[in-house]
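Let me begin by presenting the structure, written as structure tokens, before commenting on it.
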Amino acid sequence: EFVNLYGSDYLVMAQLALAYKNQATIKANVAAKAPAKIHITHQGDIATTQYFNQGELTSLDTLTLSAEDKIINLARGIISSKQQLDISAYAAIVNLGDIASKAKMKITSAQLIENAGDGHIVANAIEFLTEHFNNLGLIHGELVNIETQQAFINYLNGTISAAEALAIT
């Protein structure tokens, strides 16, 4: 079963639970502005102008989340995948919730990646690519690679831990 959801203006999900048996594709200008639960059994692909998450976005397979502008994972927001997790946005990716993958994770933003004070980012292998990187929360993986073009700031209460290798360039 393959599900496509397309919205020309907004895809707003309030207290809504969506479950997809196989593959899900969601395209909208603004997605998930209210608490929502989106569970994808296999591969998930979400492309939007902006993505605000207060609920759960989970996949048992590869999950790709991309935004033309920004992605904000709000407090209590969960974005997770049992496999590969790819998150990308042009302007900013800000995490105040939990982002997790049992395998590899790649987070890319042309301008800013910020893991706020209550933010947790956990995966087996994590790769960050951005111009400015701020960490006030917890980042943990076996392998952690952070590539920035201009600024890397790990604030006093920020923790970055890698069991095998940590690279910051």
Side-chain angles (χ1 to χ4, degrees), residues 2-123 126-139 141 146-148:
F2 180 77
V3 176
N4 285 315
L5 294 176
Y6 297 94
S8 59
D9 291 325
Y10 297 98
L11 174 61
V12 179
M13 297 167 269
Q15 302 298 332
L16 176 67
L18 300 174
Y20 303 112
K21 289 184 180 174
N22 286 320
Q23 184 172 351
T25 300
I26 300 173
K27 294 185 180 182
N29 286 341
V30 178
K33 283 191 91 170
K37 291 183 179 181
I38 302 173
H39 300 288
I40 303 166
T41 322
H42 287 85
Q43 184 173 342
D45 183 14
I46 298 176
T48 180
T49 304
Q50 299 179 49
Y51 187 84
F52 300 87
N53 182 49
Q54 294 183 256
E56 296 176 17
L57 171 60
T58 62
S59 176
L60 296 178
D61 202 335
T62 299
L63 177 61
T64 302
L65 173 60
S66 61
E68 294 170 17
D69 186 26
K70 60 189 165 195
I71 295 172
I72 311 289
N73 189 39
L74 298 164
R76 295 184 305 275
I78 297 170
I79 299 173
S80 69
S81 173
K82 299 257 183 190
Q83 299 296 321
Q84 176 80 24
L85 176 58
D86 294 313
I87 301 173
S88 64
Y90 178 77
I93 298 171
V94 178
N95 178 46
L96 294 97
D98 295 316
I99 300 176
S101 172
K102 297 260 182 186
K104 294 180 183 178
M105 178 187 307
K106 184 174 184 178
I107 300 178
T108 307
S109 174
Q111 296 178 2
L112 171 70
I113 295 174
E114 180 166 302
N115 188 37
D118 290 334
H120 295 90
I121 299 175
V122 179
I126 309 169
E127 181 178 7
F128 298 97
L129 300 168
T130 189
E131 186 172 344
H132 298 278
F133 183 91
N134 299 330
N135 181 48
L136 295 95
L138 170 69
I139 296 171
I146 303 169
E147 292 183 36
T148 64

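If you read the sequence from its start, that first residue is 1, and numbering goes on from there. Basis for what follows: all heavy atoms, side chains included, without hydrogens, waters or symmetry-related copies. What you are looking at is a predicted structure, and each value in this text was computed from that prediction instead of being measured.
The distance from the CD1 atom of I87 to the NZ atom of K106 is 12.5 Å, given to the nearest 0.5 Å. In this structure, CG in L63 is found 6.0 Å from CD1 in I46, a value given to the nearest 0.5 Å. A distance of 7.5 Å separates CG in D86 from OG1 in T62, rounded to the nearest 0.5 Å. Taking OG1 from T64 and CG from D45, the interatomic distance works out to 5.5 Å, rounded to the nearest 0.5 Å. For the atom pair CZ (F133) and OG1 (T148), the distance works out to 9.0 Å, reported to the nearest 0.5 Å. Summarising the geometry, atom CG belonging to L85 is positioned 13.0 Å from atom NZ belonging to K104; distances are rounded to the nearest 0.5 Å.
A 6.0 Å sphere centred on CG of D69 holds more than 12 heavy atoms belonging to other residues, nucleotides or ligands.
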task = Evaluate the side chain to side chain contact (heavy atoms under 4.5 Å, CB included) criterion for residues I79 and N95: first the C-alpha distance (whole Å), next the side-chain angles of each, then the deciding distance (0.1 Å), finally the verdict.
result = CA-CA 10 Å; I79 299 173; N95 178 46; over 6 Å; no

task = Test F128 against T130 for side chain to side chain contact (heavy atoms under 4.5 Å, CB included), laying out the working first.
result = CA-CA 7 Å; F128 298 97; T130 189; 5.6 Å; no

inquiry  = Run the side chain to side chain contact (heavy atoms under 4.5 Å, CB included) test on I113 and N115 for me, step by step, so that the C-alpha distance in whole Å, both residues' side-chain angles and the decisive distance to 0.1 Å come before the verdict.
reply    = CA-CA 7 Å; I113 295 174; N115 188 37; 6.0 Å; no

ask   = Between E114 and L136, is a side chain to side chain contact (heavy atoms under 4.5 Å, CB included) present by the stated rule, with each step listed?
value = CA-CA 8 Å; E114 180 166 302; L136 295 95; 4.3 Å; yes

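Scanning both residues, A89 and K70, for their nearest heavy atoms gives CB-CA, 4.0 Å. Summarising the geometry of L60 relative to K82, their closest heavy-atom pair is O-CB, 3.4 Å, with the distance given to 0.1 Å. For A123 against A103, the heavy-atom pair with the smallest separation is CB-O, 3.7 Å. Across all their heavy atoms, A91 and Q111 have their closest contact at O-CB, 3.0 Å. When all heavy atoms of Q83 and S101 are compared, the closest pair comes out as O-OG, 2.6 Å.
With V94 as the fixed residue, the side chain to side chain contact (heavy atoms under 4.5 Å, CB included) test singles out one of N73, L74, I72: I72.
Of the possible polar contacts, none joining the T49 side chain to the E68 backbone as a donor-acceptor pair under 3.5 Å is found. Within the 3.5 Å criterion, the main-chain N or O of D61 finds a donor-acceptor partner in the side chain of S81. The backbone N or O of A116 lies less than 3.5 Å from no partner atom in the side chain of N134, so there is not a single donor-acceptor pair. A donor-acceptor contact shorter than 3.5 Å is absent between the side chain of S80 and the backbone of I99.
In this structure, I107 and I121 have side chains that are in contact, with non-hydrogen atoms separated by less than 4.5 Å. Using a 4.5 Å heavy-atom cutoff, the side chains of E147 and E127 are in contact.
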